[in-house]
Amino acid sequence: MLYIGVDLGTSAVKLLLMDASGEIKKIVSKEYPLYFPHPGWSEQKPEDWFAQTMAGLKELLAECDKSQVAGISFGGQMHGLVVLDENDEVIRPAILWNDGRTTEECDYLNNVIGKDTLSAYTANISFTGFTAPKILWMKNKEPENFARIAKIMLPKDYIAYKLTGVHCTDVSDASGMLVFDVKNRCWSKEMLDICGISESQMAKVYESYESVGCVLPEIAAELGIPETTKVAAGAGDNAAAAVGTGTVGDGQCNISLGTSGTVFIASEKFGVDKNNALHAFAHADGHYHLMGCMLSAASCNKWWMDEIIGTTDYAAEQKQIEKLGENHVYFLPYLMGERSPHNDPNARATFIGMTMDTTRADMTQAVLEGVAFALRDSLEVARSLGIPIQRTKICGGGAKSPLWKKIIANVLNIKVDVLANEEGPSMGGAMLAAVACGEYADVEEAAAKIVKVVDTVEPEPELAAKYEERYQKFRQIYPACKPIFGLIQ
């Protein structure tokens with residue numbers, strides 16, 4: 001049988017077709033626009049997501065035996081607010097995970113409602129990217145639109161609804177809304193009340209590997225697939241990437257170098273760090289995970305290459321980098337503000353340490369190193385909880401760079417396992433679909449049989465020592481700049 005994984009990303013939807021053994025048959029990607037109507041705002045049209053997903057599915061299935069398609073599932077950008085009216089029509093463009101408009105609402109939630117109260121209700125505190133402050137923003141700034149809301153959804157769940165007619169979500173994606181009781185895997189009635197919404201406006205919650213239904217007859221006919229094709233709930237992009245990289249089971253770690261960057265640590269037990277510096281979410285494997293998320297990771301390199309240098313030959317630029325651990329230039333990678341561990345929407349990207357002999361290669365290197373240093377910030381929080389992380393898997397577009405993987409291994413001073421494929425969320429989505437269809441007994445079995453490590457990047461003691469010294473300097477730059485960031489908004 002064949003299984004489809006749909007990764008609804010920020011810049012494009014990536015669709016993957018795999019067989020029952022996990023062999024990838026085809027991958028298709030379709031882009032859609034991203035809108036910035038005001039500084040710090042970030043929006044997309046859900047209709048664009050669905051149109052490009054359907055176009056991608058048709059291309060993906062063009063040359064296969066469509067009768068063999070058994071299941072579809074998802075990984076998806078998290079936290080985005082999708083609101084539908086009573087006719088299931090989109091009320092306004094979706095407000096995305098990297099949108100920073102909700103500073104006032106976050107201040108209200110964290111300081112008036114209180115961080116301890118939020119943590120008790122949801123296991124997390126408020127960040128500008130989360131969904132609850134976006135709901136409050138609509139309530140405060142767009143009351144007419146707010147009054148029309150019949151259903152509140154997350155980005156990938158809108159695609160699932162369009163395919164099945166079912167208003168659904170999953171525990172991992174719901175965990176990032178700040179209206180979900182993570183420990184008990186259900187909606188928090190207290191948080192719904194705080195946001196001024198009811199449980200009837202929320203989607204039904206499923207485990208990530210559970211089937212929510214089958215494709216609608218008209219969808220099956222349009223795609224040429226069986227009406228018995230199951231659709232599984234899927235997962236937030238990071239949990240789906242963790243499934244796709246086999247990061248399931250206690251203590252497993254994965255680093256994702258996508259538009260955003262994450263340090264993802266799977267855990268069989270529910271737990272929260274005392275400062276809520278890491279997100280405590282439900283995992284797609286039926287358990288839990290801790291996650292540090294930085295808002296700009298591979299997107300920093302894309303911005304530097306595309307917008308500033310003006311080149312698409314990323315590999316050629318990285319070939320100019322020779323002396324790792326000796327760069328005198330530092331880069332704070334906060335192009336969209338920052339989440340973990342600073343929770344500061346006012347933070348901004350900054351180069352520091354440039355002199356007359358600074359080269360283009362030095363600045364390119366600083367961008368790569370700055371992202372690695374910021375990932376380590378989250379790793380240090382996990383280490384402070386007594387979690388001994390000796391190695392990690394890695395995925396995402398940035399993981400295709402051998403140089404970046406080497407920098408990360410030495411900055412974090414851990415082994416970095418490279419996988420046979422680095423498809424992350426789309427692979428995880430296909431694996432969740434296979435579990436939903438009974439191809440595998442559970443997510444752990446699917447990961448054990450499908451995910452293969454083909455190489456390991458080992459830290460080098462001398463280089464790791466150089467980066468340790470540089471990291472200790474890097475971590476002093478943000479606190480020194482923080483008072484200035486508030487003045488330049």
Side-chain angles (χ1 to χ4, degrees), residues 253 255 257 260-265 273-278 290-297 300-301 304 321-335 337-344 346-355 357-359 361-392 394 398 401 403-416 457-485:
C253 182
I255 287 173
L257 271 182
S260 61
T262 58
V263 176
F264 185 108
I265 302 160
D273 75 89
K274 63 180 180 180
N275 295 316
N276 293 104
L278 299 181
L290 293 171
M291 184 174 70
C293 180
M294 56 184 296
L295 295 181
S296 302
C300 289
N301 193 45
W304 174 246
I321 297 171
E322 297 178 348
K323 295 184 178 180
L324 296 184
E326 299 178 14
N327 193 9
H328 58 277
V329 181
Y330 291 84
F331 174 73
L332 296 188
Y334 310 141
L335 288 168
E338 190 52 298
R339 191 182 293 176
S340 302
H342 302 308
N343 191 16
D344 184 359
N346 292 327
R348 289 294 177 263
T350 305
F351 281 104
I352 191 168
M354 293 174 289
T355 59
D357 62 348
T358 295
T359 66
D362 291 336
M363 297 183 74
T364 301
Q365 180 176 340
V367 171
L368 303 180
E369 290 172 340
V371 172
F373 288 141
L375 289 169
R376 179 166 168 182
D377 280 341
S378 288
L379 188 72
E380 289 302 311
V381 177
R383 285 172 169 162
S384 74
L385 296 174
I387 301 173
I389 301 167
Q390 305 298 326
R391 64 194 314 137
T392 184
I394 193 165
S401 164
L403 176 66
W404 214 346
K405 285 183 284 199
K406 181 176 180 177
I407 289 171
I408 287 171
N410 285 281
V411 167
L412 277 60
N413 198 16
I414 58 177
K415 297 176 182 179
V416 175
V457 182
E458 303 254 3
E460 304 166 17
E462 185 177 344
L463 182 53
K466 289 181 179 180
Y467 272 128
E468 175 65 29
E469 183 179 345
R470 286 181 49 72
Y471 172 68
Q472 296 305 327
K473 294 176 182 177
F474 170 87
R475 67 189 306 184
Q476 297 179 55
I477 299 172
Y478 167 75
C481 293
K482 183 178 180 180
I484 301 170
F485 292 143

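Keep in mind that what you see is a predicted model, and the values were worked out from it rather than measured.
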[atom2] on [Y] to [atom1] on [X], rounded to 0.5 Å:
| X | Y | atom1 | atom2 | value |
| --- | --- | --- | --- | --- |
| Ile407 | Leu463 | CD1 | CG | 8.5 Å |
| Ile414 | Cys253 | CD1 | SG | 5.5 Å |
| Leu257 | Ile394 | CG | CD1 | 4.5 Å |
| Ser296 | Arg348 | OG | CZ | 9.5 Å |
| Leu368 | Ile321 | CG | CD1 | 5.0 Å |
| Ile389 | Leu412 | CD1 | CG | 9.0 Å |

* **Check: Val329 main-chain N/O paired with Asn327 side-chain donor or acceptor under 3.5 Å** => yes

* For Asp377 and Pro341, indicate whether the former's side chain and the latter's backbone hold a donor-acceptor pair under 3.5 Å. =>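 No.
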
Side chains of [X] and [Y]: closer than 4.5 Å at any heavy-atom pair?
| X | Y | result |
| --- | --- | --- |
| Leu324 | Leu403 | yes |
| Cys300 | Phe331 | yes |
| Leu379 | Thr392 | no |
| Leu375 | Ile255 | yes |
| Thr358 | Phe351 | no |
| Glu468 | Asn413 | no |
| Tyr467 | Arg376 | no |
| Tyr471 | Glu380 | yes |

How close do [X] and [Y] get, heavy atom to heavy atom, and via which atoms?
| X | Y | result |
| --- | --- | --- |
| Asn346 | Phe485 | O-CB, 3.3 Å |
| Ala347 | Glu338 | CB-N, 4.2 Å |
| Trp404 | Ala297 | CH2-O, 3.9 Å |
| Ala349 | Leu335 | CB-CD2, 3.4 Å |
| Met294 | Ser260 | O-CB, 3.2 Å |
| Ser378 | Leu278 | O-CD2, 3.8 Å |

* Might you confirm whether atom CD of Glu469 has over 12 heavy atoms from other residues, nucleotides or ligands at distances under 6.0 Å? => no

* Should we say atom NZ of Lys406 is surrounded by more than 12 heavy atoms from elsewhere, each under 6.0 Å from it? -> no

* Asked: Does NZ or CZ of Arg470 fall inside the cone over Tyr330's six-membered ring, less than 6.0 Å from its centre and within 45° of the axis?
  -> yes

* **Lys466 and its salt bridge (Lys or Arg N to Asp or Glu O under 4.0 Å) partner, picked from Glu326, Glu369, Glu460** =>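 Single salt bridge (Lys or Arg N to Asp or Glu O under 4.0 Å) partner of Lys466 among Glu326, Glu369, Glu460: Glu326.
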
* Asked: Do Tyr478 and Asp344 have a side chain donor and acceptor closer than 3.5 Å?
  -> yes

* To do: Might you work through the side chain to side chain contact (heavy atoms under 4.5 Å, CB included) test for Lys323 and Gln365, ending with a clear yes or no?
  => CA-CA 9 Å; Lys323 295 184 178 180; Gln365 180 176 340; 5.6 Å; no

